[in-house]
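Below: one structure, written as structure tokens.
Worth knowing before you read on, the calculation uses all heavy atoms, side chains too, and leaves out hydrogens, waters and symmetry mates.
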Amino acid sequence: MTQAETSLARAPLHRKMTNNAQKKKIIECQKLIEAHDYEPARKILKKILKQYKPGRPAEIQEVQALIFYADIQRLTGFYADAYKNYCVVLGQKPDLEPRLLDSIFHCLVNPIEFEVNEVLCHHLRLYLASENTDNAQIENLIATTIKRIFHTDDPDYPLELDFISSHPLLLEALPLLVLPDASIELFLIGLRSHLLTTLLTNGLIPELVSIVIAMSARGHRTEFVSTVPEIERPLVEGLHRALSDYLSAPQGLELVVHLMLALSMYQSITEFPQQPALRGLSSEPWPPALTKLQEIFHAAETESALKPQIKVMGGITDLVSRKVRQQYEGNPYPQWNSLQVVSEKRHMLSAFNHMENIEQREKFNHELQVLVAGCGTGRHPVYLSNTVDNIKITALDLSLASLAYGQRMADKFGCENIDFIQGDLLRVDQLQQQFDVIESVGVLHHMKDPAQGLAALIDILAPAGILNLGLYSELARVEIKRIIDTKIPTGTESSKQNIQQIRDEILVSSTSPESKLILSYRDFFSLSECRDLLFHEQEHRFTIPQIEKLLADHGLRFAGFRGLSNRAYAAYTHQFPDDIPRLNLANWHQFELLNHTLFSGMYQFYCQKM
């Protein structure tokens with residue numbers, strides 16, 4: 001499909017269809033598309049669309065022809081062109097927007113460049129407002145859009161506070177997204193400083209309330225990972241003293257609101273030193289300007305109340321396990337606030353891609369017992385609960401803080417089939433049950449002895465049971481490891497202050513190759529994830545031959561890598577056409593040697609107990 005053939009978004013829709021034959025052709029195209037026979041349908045639609053001439057608004061049949069053409073473009077990977085054509089349709093028939101939103105969202109979540117304009121901003125805002133979408137999927141596009149709108153790559157570009165403080169996409173994105181980009185972070189640090197100066201000079205004028213609230217929520221979203229410039233620290237300390245004075249002798253509620261909002265751009269309300277006074281206020285409705293802060297405060301209180309209700313499985317005696325637990329008690333990981341919810345749940349073996357190599361499938365025709373070993377803050381078990389039918393989930397983790405976060409989110413999403421338990425993976429035998437499926441992604445490589453952890457999981461895996469594992473790649477992380485070794489002295493405590501200091505050094509040298517590599521990781525841009533990326537207490541890395549041996553030693557059959565792009569799978573098949581099921585690990589090793597960053601996240605793969 002050439003660019004000339006996919007640029008119909010520039011052509012207006014006008015010619016009325018009066019020919020029954022053309023209507024039949026459109027019906028024929030619909031059937032071809034449903035059968036995934038796109039090329040004949042594309043040719044038919046192309047002929048119909050060429051007949052459009054300016055003159056009058058399009059009829060619904062004419063609009064349908066372009067919708068089908070855009071559908072083909074979307075289904076064959078031409079997302080930018082498909083999006084343009086959907087927008088042309090909406091220009092003719094705005095009332096069709098609800099019907100086309102899912103298709104538009106499908107275009108936007110793919111890593112393609114789009115023209116930044118008001119229509120794109122409108123659709124990005126609709127995506128953020130949707131209850132059944134995963135904000136992380138559109139985060140990079142929104143970051144790119146914000147960079148262009150506010151020229152964040154140009155440090156000398158003037159800060160237009162009136163424009164910034166009223167831009168709806170920025171106001172709605174800041175509380176929800178990390179926005180992983182160095183220039184955006186520096187832009188927001190400058191904006192925060194400008195807002196503080198304005199607040200101290202003029203007070204909190206009404207026009208700035210929304211942007212201050214958004215900046216506060218953004219700070220909470222990133223766990224206030226950005227450093228506070230030294231010149232601003234005494235100002236923040238002075239605001240804290242003033243807030244303490246006003247809370248101890250309540251007077252001037254408006255000033256209290258101003259102080260709390262200003263301070264919440266720099267520190268989480270859950271860490272304010274005025275906690276006793278704030279708890280005294282927590283049962284009362286707070287002023288509307290503080291609603292978001294009250295939500296954050298109540299979420300923390302809810303998690304504190306949930307902690308005693310979490311089941312505990314034995315003690316945690318392994319020294320490395322105790323260090324890892326301490327890390328995640330301080331920084332529950334990962335922080336998340338949205339989840340893509342499917343309209344209809346499916347069976348485990350059909351709900352996910354790349355499970356076609358699972359054998360003895362008849363053994364999975366019952367309610368499945370699923371263990372998520374190392375569930376963190378519960379995102380994956382909550383996702384499973386909302387995606388897979390007929391399962392019972394046990395979610396295990398070392399960190400009580402993470403489990404309480406997970407239980408709160410499970411309650412939010414209405415999950416009643418998850419049992420959160422605090423315990424050490426090395427002692428999973430105390431669960432006293434077998435599991436049909438065990439998911440443990442990004443966990444074993446943080447243990448003192450990953451093989452010992454794997455053996456513990458296999459002991460409770462049912463015959464023919466499925467393991468979904470995730471392990472760091474030695475090849476993909478060689479540069480990350482070198483940067484850690486050179487920038488972070490051995491024994492450096494993973495305190496917030498140290499993390500911020502290392503981050504500052506990287507941000508200042510953002511044009512160096514090493515810094516560019518670190519800045520390409522989303523994990524760099526929030527506190528818990530940066531700690532996990534650069535300061536983890538324990539880390540092992542693997543090669544594919546080592547994984548092959550690990551599986552063989554433990555009686556596991558490799559069942560395929562997951563989580564790679566369609567382009568990566570296609571490239572592998574092109575290089576190794578005889579390996580149709582893509583199960584030859586020797587081939588994958590050769591493929592990775594030619595593509596060092598292929599598993600930059602980690603190896604994610606299914607295996608099955610033999």
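- In this structure, the side chain of Gln604 does not engage the main chain of Gly563 through any donor-acceptor pair within 3.5 Å.
- For Arg477 against Leu533, the heavy-atom pair with the smallest separation is NH2-O, 3.5 Å.
- Proximity of a side-chain donor or acceptor of Asp397 to a complementary backbone N or O of Leu403 within less than 3.5 Å is not detected.
- Using a 4.5 Å heavy-atom threshold, the side chains of Tyr333 and Asp523 count as touching.
- Using a 4.5 Å heavy-atom cutoff, the side chains of Tyr69 and Cys29 are not in contact.
- Judged by the 6.0 Å distance and 45° axis criteria, Arg42 is not positioned over the aromatic ring of Tyr38.
- Ion pairing between a basic and an acidic side chain is recognised when a charged N comes within 4.0 Å of a carboxylate O; Asp579 and Arg582 show no such pairing.
- In Asn566, the CG atom is not crowded: 12 or fewer heavy atoms of neighbouring residues, nucleotides or ligands sit closer than 6.0 Å.
- A donor-acceptor pair shorter than 3.5 Å can be found between the side chains of Asp532 and Tyr328.
- Side chain of His446 to main chain of Gln538: a donor-acceptor pair is present (N/O by atom type, distance under 3.5 Å, no hydrogens or angles).
- In this structure, Arg74 contributes its side chain and Cys107 its backbone to no donor-acceptor pair below 3.5 Å.
- Between Glu28 and Lys31 there is no salt bridge, since no side-chain N of the basic residue sits under 4.0 Å from a carboxylate O of the acidic one.
- Glu34 CD: more than 12 foreign heavy atoms inside a 6.0 Å radius.
- Within 6.0 Å of atom NZ in Lys448, 12 or fewer heavy atoms from other residues, nucleotides or ligands are found, so the atom counts as exposed in its surroundings.
- For the side chain to side chain contact (heavy atoms under 4.5 Å, CB included) test, residues two or more places apart in sequence or in another chain that qualify with Glu329 are Arg325, Ser399, Leu400, Ala401, Gln422.
- By the 6.0 Å contact criterion, NZ on Lys307 is enclosed, its count of non-hydrogen atoms from other residues, nucleotides or ligands being greater than 12.
- Classification of the Trp336-Phe413 ring pair by plane angle, with boundaries at 30° and 60°, yields parallel.
- No hydrogens or angles considered: a donor-acceptor pair under 3.5 Å links the side chains of Asn417 and Ser385.
- Looking at Lys487 and Glu514, no side-chain N of the basic residue comes within less than 4.0 Å of a carboxylate O on the acidic one, giving no salt bridge.
- For Phe114 and Tyr83, the gap between ring centers is short of 6.0 Å.
- Between Phe224 and His220, the angle of the ring planes goes over 60°, which puts this pair in the perpendicular group of the 30/60° scheme.
- Using a 4.5 Å heavy-atom threshold, the side chains of Phe420 and Leu306 count as separate.
- Residue Arg361 qualifies as enclosed at atom CZ: its count of foreign heavy atoms under 6.0 Å is above 12.
- Of the charged side-chain nitrogens involved, at least one lies within less than 4.0 Å of a carboxylate oxygen, so that Glu359 and Arg557 count as a salt-bridged pair.
- Between His106 and Tyr79, a ring centre-to-centre spacing shorter than 6.0 Å is recorded.
- Residue His540 comes nearest to Pro450 through the heavy atom pair CD2-CG, 3.6 Å, listed as atom of the first residue, atom of the second, then distance.
- Although no hydrogens or angles enter the test, the distance criterion places a donor-acceptor pair under 3.5 Å between the side chain of Arg221 and the main chain of Leu176.
- Partner His536 forms a side chain to side chain contact (heavy atoms under 4.5 Å, CB included) with one of Gln327, Lys323, His445, Arg531 and no other, that one being Gln327.
- For Ile33 against Leu75, the heavy-atom pair with the smallest separation is CG2-CD1, 4.1 Å.
- Counting heavy atoms from C-beta on, the side chains of Leu527 and Lys496 come closer than 4.5 Å.
- Taking each heavy atom of Cys530 and Ile499 in turn, the nearest pair found is SG-CG2, 3.9 Å.
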Worksheet item: Do Gln340 and Asp134 pass the side chain to side chain donor-acceptor pair (under 3.5 Å) test, and can you show the C-alpha distance, the side-chain angles, and the key distance before you say yes or no?
Response: CA-CA 5 Å; Gln340 186 169 9; Asp134 179 4; over 6 Å; no
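- Put simply, the side chain of Gln546 gets close to the backbone of Thr543: a donor and an acceptor are under 3.5 Å apart.
- Between Glu539 and Lys481 there is no salt bridge, since none of the side-chain N atoms of the basic residue sits less than 4.0 Å from a carboxylate O of the acidic one.
- Taking a 6.0 Å sphere around CD of Glu493, one finds it holds 12 or fewer heavy atoms contributed by other residues, nucleotides or ligands.
- Counting non-hydrogen atoms of other residues, nucleotides and ligands closer than 6.0 Å to NE2 of His366 gives a total above 12.
- For the pair Thr387/Lys345, no side-chain contact is recorded, criterion being any heavy-atom separation below 4.5 Å from C-beta on.
- Contact check on Arg346 versus Asp389 returns no salt bridge, with no Lys/Arg side-chain nitrogen under 4.0 Å from an Asp/Glu carboxylate oxygen.
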Practice prompt. Would you sort out whether Ser473 and Glu592 count as a side chain to side chain donor-acceptor pair (under 3.5 Å), showing the intermediate values?
Written response: CA-CA 10 Å; Ser473 160; Glu592 187 187 14; 2.7 Å; yes
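- If you look at His347 and Phe364, their ring centroids are not closer than 6.0 Å.
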Practice prompt. Begin with the C-alpha distance, continue with both residues' side-chain angles, and end with the deciding distance and a verdict on side chain to side chain donor-acceptor pair (under 3.5 Å) for Asn135 and Glu139.
Written response: CA-CA 6 Å; Asn135 293 335; Glu139 185 170 55; over 6 Å; no
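- Taking 4.5 Å as the limit, some side-chain heavy atom of Phe435 sits within range of a side-chain heavy atom of Thr394.
- Between Pro180 and Asn140, the closest side-chain pair of non-hydrogen atoms falls below 4.5 Å.
- Aromatic rings of Phe599 and Tyr472 (six-membered ring for Trp) have centroids beyond the 6.0 Å cut-off, not under it.
- Ionic pairing of Glu529 and Arg522 is present here: one or more N-O contacts between side-chain nitrogen and carboxylate oxygen are shorter than 4.0 angstrom.
- Residues Tyr405 and Gln335 form a side-chain contact, since some pair of their non-hydrogen atoms from C-beta on lies under 4.5 Å apart.
- Summarising the geometry of Asn357 relative to Pro581, their closest heavy-atom pair is ND2-O, 3.2 Å, with the distance given to 0.1 Å.
- The main-chain N or O of Thr317 is never found under 3.5 Å from a side-chain atom of Ser321 such that the two would form a donor-acceptor pair.
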